[in-house]
K.L.:
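Here you go, one structure.
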Amino acid sequence: MGYGFDLDEWVTEEELKEWNDYMHEHMAWPHMLGGRHGDPNRGEDHSTAVSWNQVLDYASYEHHQPTSEVYTASLAAVPGKPVFSEDRFRIRQSERYQFKDYTEEMTRRGLWQSTMTGGVANIWGEARW
Amino acid sequence: MGFNASQPYDNFHWIKTWSRFFKNRFELESNPMEEPLKGLVLKKYHAKRFIVYTEDAAVVEIDLSSMSRPLPAIAVDTKAPYQEIDLGYFKNLHQAWRAPYASDWALAVGYFDQPYPDSRVARGLFLDWSTHQRHALGSDNFQLTWSDDDHLYGAWGDVGGFHGTNSKGRVGLGFARLKGNSDSYKGFNIWGGFEPENQADFDGKSWATISIEGELFMWVVPDHPEGKEYRNHYEYVELAHSRDKGSSWEKAPWRFEEAEELTIPTFLNFGKDNAGAPEAFGDYVYTYFLAPQDPSMEQEGPNGVSLMVHQPGKIFLARVRSNQLMDAKEGYQFFTGRDVLGSPKWGSIANKQPVFEDENGVGWCLSASYNPHLDRIILITQHRQTTQGLLGVFDAPNPWGPWSTIEYFEEEVPFGDIRPGSDLDWANNVFCAAFPTKWLDGETFVLNFTGGGQGKDNDSFNTVEGRFILR
């Protein structure tokens with residue numbers, strides 16, 4: 001379960017940990033909790049989100065069109081934690097979002113690359129309408 | 001902005017191909033290779049399984065030069081509806097596979113078809129082969145129970161038991177007592193064998209002994225069924241009872257029959273005198289029965305198939321009140337599936353359902369014990385081929401599952417293939433192994449095993465100490 005997106009814009013790490021602890025104390029069943037940081041968008045450097053993700057159950061990032069090298073770097077950034085790439089990868093024709101939109105072929109390759117690098121979760125979507 | 005729901009994909013089969021390929025292939029502790037030759041490679045180190053994925057490729061390279069034997073391989077075109085191309089066996093070399101055309105190819109190399117996912121409690125067995133002991137050469141089986149006098153008891157098959165030979169004390173079925181600790185035990189022939197305390201008075205084989213309130217019970221299959229001059233362990237199962245620690249035995253007047261899809265069983269053993277079962281399991285004694293591949297198959301005779309791994313493999317589970325073992329066959333309730341809450345349902349033989357299945361096969365014998373440290377039932381049986389060391393070690397929180405896999409030995413490295421510290425004669429022929437519950441201590445154990453050495457090597461009583469490699 002994710003707290004929300006781009007939390008680093010309005011939540012501190014201390015508040016995030018407090019939320020995580022509170023939820024685990026009160027939830028009736030085990031549940032993995034995360035809260036997406038706004039980095040790194042592009043590139044392999046995940047260092048700005050490391051301490052953020054260390055207080056959560058899984059590490060979560062905003063990636064735009066991640067390559068297999070980016071997936072690999074995200075898994076290495078916080079060793080031992082599952083990774084969720086939590087920006088929806090939409091199949092869409094949008095000038096505004098072409099820097100992060102997908103084609104169906106990119107979706108297929110993304111599935112394979114994110115699996116073959118060790119298993120990164122993603123959000124996929126077909127949004128042509 | 002608003003929420004924009006996703007629409008169907010044009011090439012939905014791409015996603016299905018990805019999903020089907022990774023079913024049973026994406027595993028715990030599979031790691032990307034740091035320097036793949038080309039593309040991406042996931043490698044399961046312990047089990048020697050590889051997945052290779054390359055894009056826009058007409059040639060796929062893989063380096064198997066560190067393997068000791070060839071491995072089976074299949075290829076899948078990730079752009080096409082799911083179809084496996086059988087590539088046969090890849091040699092243990094650095095090699096290149098030429099694809100029929102350029103595409104995004106995925107290859108699976110090695111054995112991926114273990115029946116249940118990796119265990120969450122243990123990722124394998126560490127065996128200390130410097131502790132390997134061997135006794136009773138020529139006698140095999142030896143599934144043991146821990147009785148109230150602190151000794152282990154169990155049956156052997158053929159030859160003379162402890163200190164016996166083929167010409168000294170040979171019996172078809174013998175019964176022994178093991179006194180002492182795992183590093184200094186001694187075996188004694190109670191019933192049959194060389195210089196026995198008592199003479200055996202029936203033949204057969206057994207992989208099932210249990211102690212209840214100081215009395216011993218043993219499932220026995222016949223050597224030569226009534227009216228037959230040839231061996232057929234499959235034909236029926238009888239229950240024998242001893243009130244004097246194995247010195248004499250009395251059989252129940254009823255049988256389970258192969259025609260009922262029940263053959264060669266084992267008891268689920270808990271602690272000393274079968275104490276220590278979790279309350280949730282109730283006051284029952286549990287028995288696992290193998291399902292014969294064909295309910296009319298025979299071991300020998302005109303249509304004999306020998307002792308074999310039954311494929312596809314199915315195991316049934318029965319329970320009976322602990323004070324009613326000998327009373328009546330009808331007192332045995334069989335696992336018939338689960339209700340909507342996942343609880344087991346119990347019913348008649350006719351309605352039984354498998355509690356364990358493996359397409360690669362099970363049997364012809366098995367063992368089951370409870371490990372209190374792991375709080376898991378541990379079941380051991382063979383797969384694919386008999387007497388090749390192809391053992392599977394499975395665990396479950398309940399006698400009825402759900403099962404997961406601790407070890408699944410394959411041809412690449414069968415059970416005991418590498419034994420640092422042991423110089424005893426060896427062939428990869430182990431077919432039976434069990435954990436005597438007396439010798440469980442935390443995560444450590446003693447495993448006893450036996451093989452098909454025809455009077456040599458593992459055709460004997462063997463023990464080796466070890467520990468579960470915990471997660």
Side-chain angles (χ1 to χ4, degrees), chain A residues 2 4-6 29-30 32 44 58 62 65-77 79-83 85-94 96-97 100-129, chain B residues 1-36 38-45 49-57 60 76-82 103-108 118 120 471:
Chain A
F5 296 153
D6 302 337
W29 62 93
M32 298 192 77
E44 296 167 32
Y58 65 86
E62 178 177 351
Q65 299 176 348
T67 62
S68 57
E69 289 79 11
V70 170
Y71 282 129
T72 299
S74 71
L75 284 159
K81 289 212 173 176
V83 174
S85 184
E86 276 189 291
D87 195 53
R88 183 155 61 129
F89 301 141
R90 296 172 178 85
I91 299 171
R92 179 172 58 181
Q93 287 89 42
S94 160
R96 181 180 175 189
Y97 293 115
K100 67 175 188 176
D101 280 352
Y102 270 57
T103 64
E104 199 159 0
E105 176 145 313
M106 290 167 71
T107 300
R108 174 173 51 75
R109 287 186 164 179
L111 271 170
W112 283 90
Q113 290 169 4
S114 59
T115 309
M116 289 298 299
T117 46
V120 172
N122 306 272
I123 308 171
W124 308 97
E126 156 63 275
R128 289 175 291 188
W129 67 88
Chain B
M1 286 277 293
F3 175 71
N4 298 317
S6 286
Q7 304 298 309
Y9 286 79
D10 293 338
N11 294 294
F12 55 86
H13 63 271
W14 286 354
I15 298 170
K16 194 164 186 179
T17 292
W18 168 83
S19 171
R20 288 191 61 184
F21 182 88
F22 280 109
K23 183 183 179 186
N24 294 333
R25 291 195 176 111
F26 190 80
E27 306 172 275
L28 282 173
E29 296 175 345
S30 284
N31 295 303
M33 287 181 70
E34 290 181 2
E35 295 179 5
K38 188 182 175 190
L40 300 166
V41 180
L42 270 179
K43 181 179 180 183
K44 175 92 172 178
Y45 286 88
R49 297 193 276 269
F50 301 83
I51 295 172
V52 185
Y53 169 71
T54 55
E55 295 175 349
D56 297 324
V60 182
V76 167
D77 180 357
T78 68
K79 296 182 180 180
Y82 188 80
S103 188
D104 293 358
W105 289 99
L107 272 61
D118 287 349
R120 295 277 174 178
R471 292 200 183 280

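Side-chain atoms are counted along with the backbone in the values below, which use heavy atoms only and exclude waters and symmetry mates. Note that the structure is a prediction, hence the values are computed from the model and not measured. Labels below follow one simple rule: chain letters A, B, ... track the order of the sequence lines, proteins then strands, and each chain is numbered from 1.
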K.L.:
Quick one: CD1 on A:I91 to CG on B:D10, what's the gap to the nearest 0.5 Å?
P.N.:
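Rounded to the nearest 0.5 Å, the CD1-CG separation comes out at 8.0 Å.
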K.L.:
At their closest point, which heavy atom of A:G118 faces which heavy atom of B:P32, and how far apart are they?
P.N.:
N-CG, 4.0 Å
K.L.:
Assess whether side-chain contact (heavy atoms from CB on, under 4.5 Å) is satisfied between A:W112 and B:F22, documenting all intermediate values.
P.N.:
CA-CA 10 Å; A:W112 283 90; B:F22 280 109; 3.5 Å; yes
K.L.:
Can you tell me how far the CG atom of B:L40 sits from the OG1 atom of A:T72, to the nearest 0.5 Å?
P.N.:
7.0 Å
K.L.:
Checking A:W124 against B:Y9 for the ring pair (Phe, Tyr, Trp, His ring centres under 6.0 Å) test, could you report, in this order, the C-alpha distance in whole Å, the side-chain angles of both residues, the deciding distance, and whether it holds?
P.N.:
CA-CA 11 Å; A:W124 308 97; B:Y9 286 79; 8.4 Å; no
K.L.:
List the atom of A:M116, the atom of B:I51, and the distance in Å for their closest heavy-atom pair.
P.N.:
CE-O, 3.4 Å
K.L.:
Any chance you could measure B:T17, atom OG1, to A:R108, atom CZ, to the nearest 0.5 Å?
P.N.:
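Rounded to the nearest 0.5 Å, the OG1-CZ separation comes out at 9.5 Å.
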K.L.:
What part of B:N11 gets within 4.5 angstrom of chain A, counting heavy atoms only: side chain, backbone, both, or neither?
P.N.:
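Backbone plus side chain of B:N11, per the 4.5 Å heavy-atom cut-off to chain A.
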K.L.:
What is the distance from atom CD of A:Q113 to atom CG of B:D104, rounded to the nearest 0.5 Å?
P.N.:
9.0 Å
K.L.:
Applying side-chain contact (heavy atoms from CB on, under 4.5 Å) to B:Y53 and A:R109, what does each step give before you reach the verdict?
P.N.:
CA-CA 10 Å; B:Y53 169 71; A:R109 287 186 164 179; 3.8 Å; yes
K.L.:
With a 4.5 angstrom heavy-atom cut-off, which part of B:F26 approaches chain A: side chain, backbone, both or neither?
P.N.:
side chain
